[in-house]
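By convention here, the first residue in the shown sequence is residue 1. Counting starts at 1 for both ligands and their atoms, following the listed order. Fair warning: this is a prediction, and the values are worked out from it, not measured in the lab.
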Amino acid sequence: MRNILLHIHPAKVNEASLRFPRTFGLGGMAALLIVIQIITGILLRFYYTATPAGAYDSVIFLKNQVLFGQFIRNIHYWSGVFMLLIAFLHFLRVFFTGAYREIRKKNWLFGLFLLLLVVLLNFTGYLLPWDQLAYWAITVSTNIISYLPLVGDSLRTAIVGGKELNADTLHTSVLPFLLLVLVLYHFWRVRKAGGILMPGTGEENEMVPVMPNLVFREFIVALVLTAVLFTVAVLFNAPLLGKANPAYSMNPTKAPWYFDGVQELLMHFHPFFAAFVIPLSVMVFLAWIPFLEYDNAPNGHWFISEKGKQSSKSTAIFAAAVTVSGILFNEYVVNFEILLHGIPAVISNGVVPLLIILVFMAGFYRFYLRRLRLSKEELVQAIFVFIMVAFIVLTITGIFFRGKDMELTL
Ligand code: HEM
């Protein structure tokens, strides 16, 4: 055990990097959750039947007849949810400490791929019980997927399959294997970069042995996370509704919660924009940011500088206000498709609303951000904040404020 721990870590680490608010231990937590997922996943797989006809009954059997079956299922479910949230927070912490540039470029890209894998793992797992929740979530999600040009239909078949649930192969072998290999590579690249990015020089950079300094701290974080996870798993059961029934649709029919932001976009934009143009543009932007030319070298400070902090705060407030008002305006005041009837919907309900948002963003830049004389990295940070806040607001709206018939509700 000591050898494994020492191989994963360098012999010495920067003492200042051990302070909790530097990383919040998020990368390590995500790694621990992968291990927990794999162990509980293997246990569940002993009882699970991967066919549309047998899947649901096998989960009921596991839940009711197998010793600790329900508990293991709960841990597996909640560790998946935790992993998604924690990997997302880790992604934010890496961005806001500027650790995505120069030698860390590639790790940022692999990190984005890891995030995608974590989403896919959650999604494929969500389908396996083949209950009403899974059936209708997959119906909505694959409808979203089918708007993707060229690959939409084949992607749907890749996930659902025919007699066998292909999601099972993806969820229990292909994706976990890819995740494991990539995470190990991810760790190696952190070491290759000389550890995590740290601000400043001199005293702060004193190096200390990894054992016990880092390993002890990791152990504490692992214990607390495991305790929280087990408590949640004892208190809240993983959801399971009635057996999938294509004849009885759920109302509202929602995608899994992490896709509710995209589903919310679909309520306001033409599907080509909501499911393809906007998500793809965001992904390209995220993959592109390490390759832009910046004014200064990364300094490792949270939010770059005082100005960076201030502009991020105001952009966050602006983005939340624009997104909430946009949702309300489109729901209660103007429907672009009706207002501009006669024009193809992809323009009236795609190009037009997107241009309006871009005009608002440009106005915010022109009348507020430009006065702050931001550096290029601070400006990119502001755009990132805008996108993240809009995404979070859309997701919260989709999860909590859409009721029967997907109407807005309190
Ligand atoms: C399953 C998912 C992931 C795991 C297990 C993981 C694990 C880790 C660990 C253990 C570290 C060391 C420091 C720390 O704890 O913050 C780290 C650093 C890093 N991660 Fe991740 N990570 C994951 C996802 C991501 C994502 C989604 C991104 C971004 C797109 C990312 C980008 C990075 C970068 C660039 C570093 C170096 C940070 C620095 O030098 O300060 N990782 N990761």
Side-chain angles (χ1 to χ4, degrees), residues 4-5 7-10 13-14 16-38 41 79-122 125 175-200 204-205 210 213-215 217-222 225 258 282-291 297-304 380 384 387-388 391:
I4 292 176
L5 287 174
H7 271 91
I8 292 176
H9 299 97
V13 283
N14 186 322
S17 72
L18 297 176
R19 289 184 201 136
F20 191 61
R22 189 67 215 159
T23 63
F24 297 102
L26 293 164
M29 287 193 219
L32 174 67
L33 289 167
I34 294 177
V35 176
I36 295 179
Q37 286 253 282
I38 291 179
S79 55
V81 173
F82 277 33
M83 185 150 84
L84 203 50
L85 292 174
I86 285 174
F88 182 68
L89 291 176
H90 170 66
F91 152 81
L92 293 184
R93 118 59 203 147
V94 168
F95 180 83
F96 287 120
T97 53
Y100 54 87
R101 289 163 56 189
E102 299 182 349
I103 195 170
R104 295 174 174 81
K105 263 182 201 167
K106 273 198 195 151
N107 227 8
W108 171 260
L109 289 183
F110 280 102
L112 288 180
F113 196 61
L114 279 173
L115 198 54
L116 201 67
L117 279 181
V118 171
V119 171
L120 279 177
L121 260 169
N122 263 279
L175 296 175
F177 177 75
L178 264 178
L179 187 68
L180 258 187
V181 172
L182 272 181
V183 161
L184 291 176
Y185 181 71
H186 190 65
F187 287 176
W188 177 74
R189 290 214 70 92
V190 175
R191 285 198 60 176
K192 194 163 182 259
I196 61 168
L197 177 67
M198 287 302 301
E204 282 170 325
N205 282 350
V210 72
N213 296 291
L214 176 58
V215 175
R217 284 171 169 83
E218 286 176 339
F219 186 65
I220 304 270
V221 170
L225 176 65
Y258 35 88
V282 170
M283 279 192 241
V284 169
F285 170 71
L286 293 178
W288 192 26
I289 43 178
F291 300 93
N299 62 15
H301 288 296
W302 275 95
F303 302 101
I304 305 166
V380 168
F384 179 88
I387 294 173
M388 289 304 131
F391 171 70

Report the nearest protein non-hydrogen atom to [atom]: residue, atom name, distance rounded to 0.1 Å.
atom: atom 40 (O) of ligand 1; answer: Arg104 NE, 2.5 Å
atom: atom 13 (C) of ligand 1; answer: Ile196 CG2, 3.5 Å
atom: atom 38 (C) of ligand 1; answer: Arg93 NH2, 3.5 Å
atom: atom 1 (C) of ligand 1; answer: Ile34 CD1, 3.8 Å

Are the side chain of [X] and the backbone N or O of [Y] linked by a donor-acceptor pair below 3.5 Å?
X: Arg104; Y: Arg189; result: no
X: Arg191; Y: Phe187; result: no
X: Asn107; Y: His186; result: yes

Distance filter under 4.0 Å to [X] heavy atoms, resulting ligand 1 atoms:
X: Ala31; answer: 5 (C)
X: Leu115; answer: 27 (C)
X: Gly28; answer: 10 (C), 15 (O)
X: Leu197; answer: 39 (C), 40 (O), 41 (O)
X: Leu112; answer: 30 (C)

Student check: side-chain heavy atoms of [X] and [Y] closer than 4.5 Å:
X: Leu18; Y: Val13; answer: yes
X: Phe219; Y: Val215; answer: no
X: Met283; Y: Leu112; answer: no

Tyr100 to ligand 1: N or O pair under 3.5 Å? no
Candidate with minimal heavy-atom separation from atom 35 (C) of ligand 1, of Ala99, Pro290, Gly98, Ala193: Ala99
Note on atom 21 (Fe) of ligand 1: protein N/O/S atoms within less than 2.8 Å are His90 NE2, His186 NE2
On a heavy-atom basis, which atom in Pro298 and which in Gly98 lie closest, and how many Å separate them? CB-O, 3.6 Å
Nearest heavy-atom contact between Met388 and Leu286 is CE-CD2, 4.2 Å
Which residues share a ring-ring contact (aromatic ring centres under 6.0 Å, His included) with Phe91, sequence neighbours left out: Phe88, Trp108, Phe384
State which residues pass ring-ring contact (aromatic ring centres under 6.0 Å, His included) with Phe20; sequence neighbours excluded, sorted by chain then number. Phe24
Which residues pass the side chain to side chain contact (heavy atoms under 4.5 Å, CB included) test with Val119, not counting sequence neighbours? Leu84, Tyr258, Phe259
With a 4.0 Å cut-off on heavy atoms, is Phe95 touching ligand 1? no
Phe113 CZ: over 12 foreign heavy atoms closer than 6.0 Å: no
Structural part of Phe88 in contact with ligand 1, heavy atom criterion under 4.0 angstrom: neither
